[in-house]
There are 2 protein chains.
Amino acid sequence: MGMREAAPGPQRRATRADVARRAGVSDAVVTYTLNGGAPVARATAERVLQAVADLGYQPNQAARALKSGSAHTLGLILPDGPDPVFENPFFTEFANAVEAAARRRGYALYMTPTPPDQTSVVTRLNDFATRQVDGVLVVPGEGSLDPDVLDRIGIPWLQLNTVHEQVGVDSIGADLLGGAVLATEHLIAHGHRQVAFVGEIDEREPRYRGWLATCERLGVERGPALPSEYNRQSGYAAGLEIAAMDRPPAAVFAASDLIALGVLRALHERGVSVPDDVALVSFDGSWEAEYSWPALTSVRQPIEEMAEASVAAILDRTAPDERRHRMFRGELVLRASCGVHRPA
Amino acid sequence: MGMREAAPGPQRRATRADVARRAGVSDAVVTYTLNGGAPVARATAERVLQAVADLGYQPNQAARALKSGSAHTLGLILPDGPDPVFENPFFTEFANAVEAAARRRGYALYMTPTPPDQTSVVTRLNDFATRQVDGVLVVPGEGSLDPDVLDRIGIPWLQLNTVHEQVGVDSIGADLLGGAVLATEHLIAHGHRQVAFVGEIDEREPRYRGWLATCERLGVERGPALPSEYNRQSGYAAGLEIAAMDRPPAAVFAASDLIALGVLRALHERGVSVPDDVALVSFDGSWEAEYSWPALTSVRQPIEEMAEASVAAILDRTAPDERRHRMFRGELVLRASCGVHRPA
DNA sequence: TTGAAAGCGCTAACAC
DNA sequence: GTGTTAGCGCTTTCAA
């Protein structure tokens, strides 16, 4: 008779063959019942399902992956630089949302910080390919990736958190320019006749462009533009500069929450009051913006929506050659840092 | 002749057979060369390695997983409750450190928030098992897990972030009691004759016990103990209570950074100054504690060390029956929230 | 509607 | 030292 269920302890997992035997059918029928692919007689199907339940059978995903070329898994590559990505609540929220979206579709997620240079990313993509990963979401860092090289690996990929749209690259990103316009307009609506900018100062950076354009359009003096990387330290340095000015700008648009948090700290230290002396609006709308002091008014990126769309874009891709950029609008979340709001 | 390399585009990945053919050896020799397991003549090995390089061959991990029962992958289960785990920088840092430790060992990581109840965790462990995951790190939430049930799944697991040591459970955790002692002593060293506590009020909670014992040992009045869950909102509520007191405690020990952040916000709102009116020390030492205002003095958990140990514990496990709790000491990181430090 | 059998790519026991 | 071969558990023709 062979071994019956051994005493408690890590027992061997049931395989498709065990199920088939117990249901008195062939292996194939088990597959048909479970995955479809061929019609199965009602009675047969019931016996199979019963056997599955009795045995607590669960298909071996490794075997499935080998045979079908799909591990039912997605990969997420986050930029691993001098600033730990996971210290950025925006990425953290994004990663979380992607995992949730993948799971809803029955996919698992490999998530890994990777240096954002071409070679490292290629290595990681290759590793994913050997694991039969179905698609990879890449959050780029500094430096750009050559789409052709990545394509040649043969694994579907999609670029997240895109700032500059690129031909031949399937990508997803927030409407940075539109968000910057929202933020700047709001500061101006508060009555400020001068708005400063802290962030990446580059004609091609949409947040910078949005701020610039809005100041010009509304005939408002553009306060100084202070350079800052997207982290707290750099924002702090900019904040110190602001505090040291003879005539500090009464309104500041910071290109990310992290920058704003740094600015905030510097102003606190120098006894400059936010929002009384300086009104501040930032970008991202991550949860950290909510528990800062004062809480930050910020342009909230539609993270869940973008995550959902990312997973869908890669999983539902039909024509591999139809590549495009998908842009998502954010909304301004009003809190305390921009000043008191009057009823409209 | 068959097909030669097709024009650029996702080409078929080379398999072990391709390498064998090109090197003029059998499949087995390729395996021997790559994995060891049998001696290979120097010259042969060189030819194989050359072929591997020429073809850019990388072993198919799905096939490996099927054959060997190991996907070279670890799983990390985070508690998914009403409070999103990824809003807690402590978990975020921990997850990041675990991923890095796993990667250093050549392992990938599945990371997933999961409701911490028994059924959900079992389901997830089973899913991991079908994917031939080599071991799972479980961060428990509310409610306890039955080790016997988890063991029966047959996949090695380890409990992280452990508060209460349990027999029969392999686990890792910080020295919470020792940390609470450090924090409380420090507040007392600042000259305060009364120290309050905000956190979980339970005789079995080590942070609570450490605070209690230290106050008694040093003959200091223990200020009120205010209940709080481990999140910002709850800390905020406690902070409001503190601010509303006739005679607020001059020193507070908060059981986590998140709690402290909430307390801080409440005190700000009520115009209570930290550290002048209230000195504050918290627990965890996550990065968010550094950019709060004022920056938090906090007991830093040795996250990297614990992550490293977690991965090692599960991968280097020899005797599956030798289970124990591994405890790690934290250290007090001095910042501003506890008050000015005089030279020792 | 069901079954037999080939094969995904790799490993390892066994033979030479 | 090297080759042959039998699977790991599953999917999928192809036949019956």
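Order of the sequence lines sets the chain letters (A, B, ...), proteins ahead of strands, with each chain counted from 1.
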* Asked: Is B:Val30 touching bases, backbone alone, or none of the nucleic acid, heavy atoms closer than 4.0 Å?
  ->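 It contacts nothing in the nucleic acid.
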
* Asked: Contact class for B:Arg16 vs. all strands (heavy atom < 4.0 Å): base, sugar-phosphate, or nothing?
  -> base

Send over the distance from [X] [atom1] to [N] [atom2], rounded to a whole Å.
| X | N | atom1 | atom2 | result |
| --- | --- | --- | --- | --- |
| B:Asn35 | C:dC10 | CG | C1' | 9 Å |
| A:Lys67 | C:dA5 | NZ | C1' | 11 Å |
| A:Arg64 | C:dG7 | CZ | C1' | 17 Å |
| B:Asp18 | C:dC10 | CG | C1' | 13 Å |
| A:Arg47 | C:dT2 | CZ | C1' | 11 Å |

* **First-last contacting nucleotides on DNA chain D - partner chain B, under 4.0 angstrom, heavy atom** => D:dG1 to D:dG9

* When you measure from the side chain of B:Leu66, which nucleotide among C:dG9, C:dT1, C:dG3 comes out closest? -> C:dG9

* Between C:dT11, C:dA6, C:dG9, which nucleotide gets closest to the side-chain atoms of B:Thr31? -> C:dT11

* **OP1 or OP2 of C:dC10 under 4.0 Å from side-chain N/O of B:Tyr57** =>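 Answer is yes, contact under 4.0 Å.
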
With distance as the sole test, does [X] use its side chain to make a donor-acceptor pair with the main-chain N or O of [Y] at under 3.5 Å?
| X | Y | answer |
| --- | --- | --- |
| B:Asp134 | B:Leu74 | no |
| B:Asn96 | A:Phe86 | no |
| A:Asp170 | A:Arg323 | no |

Establish, from distance only, whether the side-chain atoms of [X] and [Y] form a donor-acceptor pair under 3.5 Å.
| X | Y | result |
| --- | --- | --- |
| B:Arg131 | A:Thr73 | yes |
| A:Thr114 | A:Asp80 | no |
| A:Glu99 | B:Thr112 | yes |
| A:Asn126 | B:Arg13 | yes |
| A:Asp117 | A:Ser120 | yes |

* Structure fact -> Of A:Thr15 and B:Ala41, the one whose nearest nucleotide on DNA chain D sits closer to the 5' end is B:Ala41

* Structure fact -> DNA chain D nearest-nucleotide lookup for A:Asp27 and B:Ser68: closer to the 5′ end is B:Ser68

* Residue mapping more 5' on DNA chain C - nearest nucleotide basis, A:Ala28 or B:Ala17 ->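 With B:Ala17 and A:Ala28 compared, the 5'-side residue is A:Ala28.
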
* Does NZ or CZ of A:Arg16 lie under 6.0 Å from the centre of the six-membered ring of A:Tyr57, at an angle within 45° of the ring axis? ->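 A:Arg16 over A:Tyr57 ring: no.
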
* To do: Take the C1' atoms of the five end pairs on each side of the helix from C:dT1-D:dA16 to C:dC16-D:dG1, derive the two axes, and give their angle rounded to 10 degrees.
  =>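 Computed angle between terminal axes is 40°.
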
